[in-house]
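Read through the structure below, which is laid out as structure tokens, and then see the notes.
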Amino acid sequence: MTKKILVIEDAHSLRRDIIEMLGFEGYDAHGAENGLVGVDMARDLNPDLIICDIMMPGLDGFGVLETLRMEAATSMIPFIFLTARTDRVDIRQGMELGADDYLTKPFTAAELLNTV
């Protein structure tokens, strides 16, 4: 069975590139342009993994993770932050909210695929 991955990233070109990269590896990748759309898509798709930026308009990645962790249907979906925020405080906050991993930008295709 093909694994579904939801990519929540507000930068269109980066979101498209990640989805394409995951597709080449055999994943069924979907994209959301912001956190609010991402939360709705996570509820509908029930993905096997979520890759999420932190700094986004509307609802940031921390808010996405908090929202999804509070709902029974989405609380156990593995979650990876993919972000330019590299401060230890940000990493710690993400992990304390329940993120499974934290990958910083810029990243290589190999780093992303190894993390997935």
Side-chain angles (χ1 to χ4, degrees):
M1 177 183 270
T2 303
K3 299 289 186 184
K4 287 184 286 189
I5 299 177
L6 175 59
V7 178
I8 307 172
E9 168 63 59
D10 61 325
H12 174 73
S13 60
L14 180 57
R15 183 175 66 249
R16 182 194 63 226
D17 290 349
I18 293 170
I19 290 169
E20 187 175 285
M21 185 184 327
L22 293 170
F24 285 144
E25 294 297 319
Y27 295 104
D28 179 17
H30 301 263
E33 64 269 18
N34 63 52
L36 295 171
V37 173
V39 167
D40 287 340
M41 286 185 72
R43 290 173 179 144
D44 292 340
L45 283 173
N46 192 30
D48 297 292
L49 173 67
I50 296 172
I51 300 171
C52 186
D53 188 14
I54 291 178
M55 296 181 292
M56 296 181 291
L59 182 65
D60 69 9
F62 294 135
V64 169
L65 182 55
E66 282 182 303
T67 300
L68 295 177
R69 289 296 188 245
M70 289 189 297
E71 299 177 15
T74 57
S75 66
M76 298 305 291
I77 298 172
F79 195 99
I80 299 170
F81 277 123
L82 179 64
T83 181
R85 294 178 75 162
T86 59
D87 291 343
R88 287 179 191 245
V89 172
D90 295 322
I91 295 170
R92 185 78 265 140
Q93 180 179 358
M95 300 308 277
E96 286 175 1
L97 288 173
D100 296 284
D101 212 335
Y102 197 104
L103 185 61
T104 57
K105 298 174 188 174
F107 59 92
T108 66
E111 287 172 326
L112 176 63
L113 293 173
N114 286 336
T115 303
V116 167

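All values below come from the heavy atoms of this structure, side chains included, with hydrogens, waters and symmetry mates left out. This is a predicted model, so every value here is computed, not measured.
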* Show your working on side-chain contact (heavy atoms from CB on, under 4.5 Å) between Ile18 and Leu112 and close with a plain yes or no. => CA-CA 9 Å; Ile18 293 170; Leu112 176 63; 3.9 Å; yes
Does [X] belong to the same Ile/Leu/Val/Met/Phe/Trp/Tyr cluster as [Y], with side-chain heavy atoms less than 4.5 Å apart forming each link?
{"X": "Tyr102", "Y": "Leu49", "result": "no"}
{"X": "Ile54", "Y": "Ile51", "result": "no"}
{"X": "Ile77", "Y": "Leu59", "result": "yes"}
{"X": "Leu6", "Y": "Met21", "result": "no"}

Could you tell me if the side chain of [Y] sits less than 4.5 Å from the side chain of [X], heavy atoms only?
{"X": "Leu113", "Y": "Leu22", "value": "yes"}
{"X": "Phe79", "Y": "Val64", "value": "yes"}
{"X": "Leu65", "Y": "Cys52", "value": "no"}
{"X": "Ile8", "Y": "Ile50", "value": "yes"}
{"X": "Arg69", "Y": "Leu97", "value": "no"}
{"X": "Tyr27", "Y": "Lys4", "value": "no"}
{"X": "Asp101", "Y": "Phe81", "value": "no"}
{"X": "Arg43", "Y": "Thr67", "value": "yes"}

Pair [X] + [Y]: basic N to acidic O under 4.0 Å:
{"X": "Glu9", "Y": "Lys105", "result": "yes"}
{"X": "Arg15", "Y": "Glu33", "result": "no"}
{"X": "Arg16", "Y": "Glu20", "result": "no"}

* Ile19 and side chain to side chain contact (heavy atoms under 4.5 Å, CB included): which partner among Ile5, Val7, Asp28? -> Val7
Drop me the distance from [X]'s [atom1] to [Y]'s [atom2], to the nearest 0.5 angstrom.
{"X": "Met56", "Y": "Thr83", "atom1": "CE", "atom2": "OG1", "result": "9.0 Å"}
{"X": "Met55", "Y": "Phe62", "atom1": "CE", "atom2": "CZ", "result": "9.5 Å"}
{"X": "Leu14", "Y": "Asp53", "atom1": "CG", "atom2": "CG", "result": "7.5 Å"}

Specify the closest pair of heavy atoms between [X] and [Y], including all atoms of both residues, with the distance to one decimal.
{"X": "Ala42", "Y": "Leu68", "value": "CB-CD2, 3.9 Å"}
{"X": "Leu36", "Y": "Asn34", "value": "N-OD1, 3.0 Å"}
{"X": "Pro106", "Y": "Glu111", "value": "O-OE1, 4.4 Å"}

